[in-house]
Amino acid sequence: MEYDFKSIEKKWQAYWASQKTFKAVVDESKPKFYVLDMFPYPSGAGLHVGHPLGYIASDIFSRYKRLKGFNVLHPMGYDAFGLPAEQYAIQTGQHPEITTTNNINRYRQQLDRIGFSFDWDREVRTCDPKYYKWTQWAFLKMFDSWYDPAKDKARPISELIEKFTTTGYDGVTPEKWASASDKEKSDILMRYRIAYQGETAVNWCPQLGTVLANDEVKEGLSVRGGYPVEQKKMTQWQLRVSAYAERLLKGLDTIDWTDSLKEMQRNWIGKSEGTEMVFNTICGDRQMPITIFTTRADTVFGVTFMVLAPESDLVEKLTTPEQKAKVDEYLQYVKKKTERERIAETRTVTGVFSGSYAINPLTGEKVPIWISEYVLAGYGTGAIMAVPAHDSRDYVFAKTFGLPIVPIIEGCDVSEESFDAKEGKMCNSGFLNGLDVKEAIEAAKDYVEAHGLGRRKTNYRLRDAIFSRQRYWGEPFPIYYKDGIPTPIPMDKLPLELPEISEFKPTEAGEPPLARAKDWTFEGYPLEKSTMPGFAGSSAYYLRYMDPDNDNALVSERADKYWRDVDLYIGGTEHATGHLIYSRFWNKFLYDLGYVCEAEPFKKLINQGMIQGRSNFVYRIVNTNTFVSAGLKDQYQTTEIHVDINLVRNDKLDLDGFKAWRPEFNDAEFILENGEYICGWAVEKMSKSMFNVVNPDDICDTYGADTLRLYEMFLGPLEQSKPWDTKGIDGVNRFLKRFWRLFDNLSEEKAKPEELKVLHKLIGKEQEDIENFSFNTTISAFMIAVNDLMALGCSKREILEPMVVLLSPFAPHIAEELWHMLGHGGSVADASFPEFIPALAAEDNVIYPVQFNGKMRFTVELPKSASPAEVEAFVRGYQQTAKYVGDLKIVKVIVVPGKIVNVVIK
RNA sequence: GCCUUGGUGGUGAAAUGGUAGACACGAGGGACUUAAAAUCCCUUGGACCGAAAGGUCCGUGCGGGUUCGAUUCCCGCCCGGGGCACCA
């Protein structure tokens, strides 16, 4: 019978849907396993062949774990709020909800064709009010909490108020608290809330009309859209992620992620341990101490000037009247520059002298205070002590403005560049002289602390997350302004639904789109007009999957206690410093308040590589309509033109198809090589404009979903990025057909040892490989097994039936059909993974030389005491037992006494 | 610049420190077929020796090292992918 994948796949997809085969139910009697994919943003372009890569891998793992007896939770949903739908709405007036729903439907159709084992009853959409009720809930919880440094966790804000009223806290005395107005109280509490409103320098994108978080900006451009971003001081909602910096860092040691991803997060968190030091200043007759942060307290004897960030509050206070004009000019200049220009001009050094001087607290020396944009307002204290001899940035600055450079490490040459390395012996440094740099750092810290000049301090680069967006298509903030005081709407009024508006762009007055909503008020007071950013909805979606229909809690205690955390999370690295930080933060916050039972949400994380496109080119001879084959193009002057890859097979161009493709090519002529037109190719991003997009639907049409699944895995290691090239797909398709054909004359005979060996080798290999996420080698092993069985002429149920189960995670449709043909009811997903019997797979290679290509090598462990003579005797004896195979001859024996013997025989 | 990955045939790739290139694609040859498709078989890293069977040498980015033995481990370079980038 023919392998008719079309009807098979349709049939079993319908079966899984109607039988709810993959519905997950809490069952404390079974071990759980939670496999999660990063849910997609449903874009208008639909899925291309690269998107399902991770989903296929996670699906294989889910199905495998299920065969292993686990109760598997494998959900899917949509990250449905976001900019593209809104931008589209602004252009067309189409409501983002309609676009989003259409896109979701399209995604669902495409996903369904691939045969995933998702429990669709648990689907979530971040734009669904029933879902974002819990996003708003979490926000209100954060609003209603503060970070208690003593307990090192988030606590209800009521505990802080209690402190204020009774003992006082952090400079707020009971008297001060009692006499404060409501507005003042609100302002004080704002300084502590986990979700708070505060003025800060933000990334403002004028084209998008919204602020963006740090991870949404790359090289001064918005990640979405690529528009310039500028720095601007604004009052925004923020999340106090920085309070969790240390825990986010420490938590990395407890989870199984790749080193590179953990490293990325560590860099993003950017812990640095140093010293805060106070420098007194002379500014006319005023005293104005500057606090600076340094990791190199040892270099304090090398300080020759100070630098303030242009945005620093100290600038105004330390500028002398004589310098004021120049400083103001400089500040204007800095302000005008966009973030992008600042980055582009990284090498140009700018700055201005403030007119004031600082006193080095260790030497008493007087050094000038400068202002320069190379010092960042947002990090440390916005002021530095400059040590040009040992810091390359200070060095360039000093050279540019002719400031002195004083080396303080013995023997270093600072005539051309600074000496930044933390090594060598100190000199010119008073009591630090003669110490090694590392010792000197500690000694200087001790000295500074002992003399009250400063203290040890740990700084983090991780900033609080800007949480408001001046957009429409996001979660509304459940906050209204009662007499100007931000007030949460009551929990039982959630969700606060997004209002209908007629137009989606900002108002003429520059207010967010929500200002257009009629009656956007709560109890007569105005509601917050900005909405939450994209990461809000994706920060706790993995928790919601555990209990998606619960109206009373984000997740019930029972569901949380059972599913706990994600055992395997598969997704791209692009979320390393965004979603994966925010989610961990969000989870830790909920953990602090006792809503979830695990401190880390994602136990194991795998990053699937990107699938790139493989573009094809034709070469048109300049000023003609003649196209020359790639091998001959160097003989002519040609222009390279992208050609639709659907017109190309194995790099050979379909000439008629090409002529019909575009009117301008109707009368194209070709210069062929060996009768064929060979196209050039290149690896590029998969995109419509390069005509290299491959749609999984097309692959499903011509080869079937099982072939698609196998091929995506067969392409190479999961973590690696690789170009999609359809040309190898015939191989896996042939493999499926061959496997199918083995069942043509199924026999009930008992299997022979060599047949059992094939099976058990495969079981062992598959088990090992899947646990290591090495799916490509599993498929290879499967191909070898099928080839071996064909060579042995084996079509025995005893062998084939377990093989169907083994194949089912990879190619579930064909497996279901064969399982059914073998007389089983139900789904192969309910079978058990075959038991591995090592003895049956053992490599007694002398008896079955078939897989060794006529040559063999074996390695035997010998007792340490074995002498060369004994080794030789052993080898001869071994050769005796090899008599079945015919004439074997020892070719090479490598003996290391007491270790290993290597014998090559043929 | 710093961090992190990777570099193996025409291509995708495989190799607990132990026959480098499994498996697959492509290519070449052959079988079946009126023909095509499908299917099956053989060859396929390079150079050389041989009529053949078969054999020899060289080969995993480059240079060293450890080891009986290195694609694998160590040190130093070169090149590509990803991330961070005035973070004091």
Taking all non-hydrogen atoms of both residues, which atom of A:N692 and which atom of A:G613 are closest, and how far apart? ND2-CA, 3.7 Å
Describe the nucleic acid contact of A:D394 in one word from base, sugar-phosphate, nothing, applying a heavy-atom distance below 4.0 Å. nothing
So A:S721, base contact, sugar-phosphate only, or nothing? Heavy-atom distance under 4.0 Å. nothing
Between C1' of B:rC86 and CD of A:E311, the distance in whole Å: 13 Å
Nearest-Å distance for atom pair OH/P, residues A:Y374 and B:rA85: 19 Å
Is there a side-chain contact between A:K652 and the phosphate of B:rA27, meaning an N or O under 4.0 Å from OP1 or OP2? yes
Output the single nucleotide from B:rA88, B:rC23, B:rC3 whose closest atom is nearest the side chain of A:M783. B:rC23
What's the closest nucleotide to the A:R738 side chain, out of B:rC25, B:rC40, B:rC23? B:rC40
So, do A:Y374 and A:F397 have ring centers that fall under 6.0 Å from each other? yes
For B:rC84, what is the paired nucleotide under Watson-Crick or G-U wobble rules, both distances under 3.5 Å? B:rG1
Atom-pair distance (CD1 on A:I779; C1' on B:rA22), nearest Å: 15 Å
Side chain of A:S780 - closest among B:rA22, B:rC86, B:rA13: B:rA22
Between B:rA88, B:rU39, B:rA13, which nucleotide gets closest to the side-chain atoms of A:R741? B:rU39
Using side-chain hydrogen bond (donor to acceptor under 3.5 Å, both in side chains) as the criterion, point out the one residue from A:T702, A:T707, A:D706 that pairs with A:N733. A:T707
Output the single nucleotide from B:rA27, B:rU4, B:rA13 whose closest atom is nearest the side chain of A:K722. B:rA13
Here the distance between atom C1' of B:rG81 and atom CE of A:M264, to the nearest Å, is 11 Å
What integer number of Å spans the P atoms of B:rG81 and B:rU8? 14 Å
If you measure from the C1' atom in B:rG10 to the same atom in B:rG26, how many Å do you get, rounded? 8 Å
To the side chain of A:D730, which of B:rG26, B:rC3, B:rC86 is closest? B:rG26
Please classify the nucleic acid contact of A:E719 as base, sugar-phosphate, or nothing, using heavy-atom distances under 4.0 Å. nothing
A:N607 side chain near B:rU5 phosphate (N/O to OP1/OP2, under 4.0 Å): no
Across all strands shown, which nucleotide pairs with B:rU19 by Watson-Crick or G-U wobble geometry, both distances under 3.5 Å? none
Answer syn or anti for B:rG9, where the cut-off is 90° from 0 on the glycosidic torsion. syn
Apply the test ring-ring contact (aromatic ring centres under 6.0 Å, His included) to residues A:F810 and A:F782: give CA-CA distance (whole Å), side-chain angles for both, the deciding distance (0.1 Å), then the verdict. CA-CA 11 Å; A:F810 292 88; A:F782 228 108; 7.2 Å; no
Criterion side-chain hydrogen bond (donor to acceptor under 3.5 Å, both in side chains) against A:R296, the qualifying member of A:T299, A:T294, A:D298: A:D298
Separation between the C1' atoms of B:rA70 and B:rA15, rounded to whole Å: 13 Å
Measuring only the P atom in each nucleotide, how far is B:rU71 from B:rG9? A whole number of Å is fine. 14 Å
For a quick check of understanding: with a heavy-atom distance under 4.0 Å over all strands, which category does A:D725 fall into, base, sugar-phosphate or nothing? nothing
With P as the reference atom in both, quote the distance from B:rU39 to B:rC25 in angstrom, rounded to an integer. 10 Å
Mind checking who B:rG26 pairs with, Watson-Crick or G-U wobble, both distances under 3.5 Å? B:rU44
Looking only at heavy atoms, which two atoms of A:A576 and A:M264 are closest? And how far apart? CB-SD, 3.5 Å
Nucleotide of B:rU39, B:rC84, B:rG83 approaching A:R461 most closely (side-chain heavy atoms): B:rC84
Rounding to an integer number of angstrom, what distance separates B:rG65 and B:rU60 when you compare their P atoms? 16 Å
Between A:D259 and A:R463, the residue closer to the 5' end of RNA chain B by nearest nucleotide is A:D259
Output the single nucleotide from B:rC3, B:rA13, B:rC86 whose closest atom is nearest the side chain of A:Q720. B:rA13
Touch class at under 4.0 angstrom, heavy-atom based, for A:R266 against every strand present: nothing
Inter-nucleotide P distance (B:rG59, B:rU43), Å rounded: 26 Å
Would you kindly give the CD1-to-P distance between A:I269 and B:rC3, to the nearest whole Å? 18 Å
Please report the distance, rounded to the nearest Å, between CZ in A:F775 and C1' in B:rA14. 17 Å
Of A:S774 and A:T381, the one whose closest nucleotide on RNA chain B sits nearer the 5' end is A:S774
If we take the C1' atom in both B:rG82 and B:rC73, what is their distance in whole Å? 26 Å
G-U wobble or Watson-Crick pairing nucleotide for B:rA37 (cut-off 3.5 Å, both distances): none
Determine: side-chain N/O of A:N776 to OP1/OP2 of B:rA14, distance under 4.0 Å, yes or no. yes
Counting side-chain heavy atoms from C-beta on, which of B:rG12, B:rC86, B:rA88 comes nearest to A:L715? B:rG12
Remember a base hit wins even if backbone is also touched, and classify A:P723 as base, sugar-phosphate or nothing at under 4.0 Å, heavy atoms. nothing
Students often get this wrong, so: under 4.0 angstrom with heavy atoms, is A:I784 touching a base, only sugar-phosphate, or nothing? sugar-phosphate
Tightest non-hydrogen contact, residues A:A383 and A:V375, listed as N-CG1, 4.1 Å
Counting only Watson-Crick pairs (N1-N3 plus N6-O4 or O6-N4) and G-U wobbles (N1-O2, O6-N3), all under 3.5 Å, who is the partner of B:rU71? none
Which of the following nucleotides, B:rA88, B:rU4, B:rC84, is nearest to the side chain of A:W268? B:rC84
Minimum heavy-atom separation for A:V315 and A:P310, please, with both atom names. CG2-O, 3.7 Å
Check every strand shown and say whether A:S272 touches a base, only sugar-phosphate, or nothing at a heavy-atom separation below 4.0 Å. sugar-phosphate
Mind checking who B:rG76 pairs with, Watson-Crick or G-U wobble, both distances under 3.5 Å? B:rC62
Have a look at A:K765 and say if it touches a base, only the backbone sugar-phosphate, or nothing, with a 4.0 Å heavy-atom cut-off. nothing
A:S629 and A:I678 have their tightest heavy-atom pair at OG-N, 2.9 Å
Taken in chain and number order and not counting sequence neighbours, the residues that satisfy side-chain hydrogen bond (donor to acceptor under 3.5 Å, both in side chains) with A:N607 are none
What integer distance in Å separates A:H390:NE2 from B:rC86:P? 23 Å
Can you check the A:K727 NZ to B:rA13 P distance for me, whole Å? 12 Å
If you look at every strand shown and take non-hydrogen atoms under 4.0 Å, does A:S260 touch a base, only sugar-phosphate, or nothing? sugar-phosphate
Taking 4.0 Å as the cut-off, does a side-chain nitrogen or oxygen of A:Q265 come that near to OP1 or OP2 on B:rG83? no
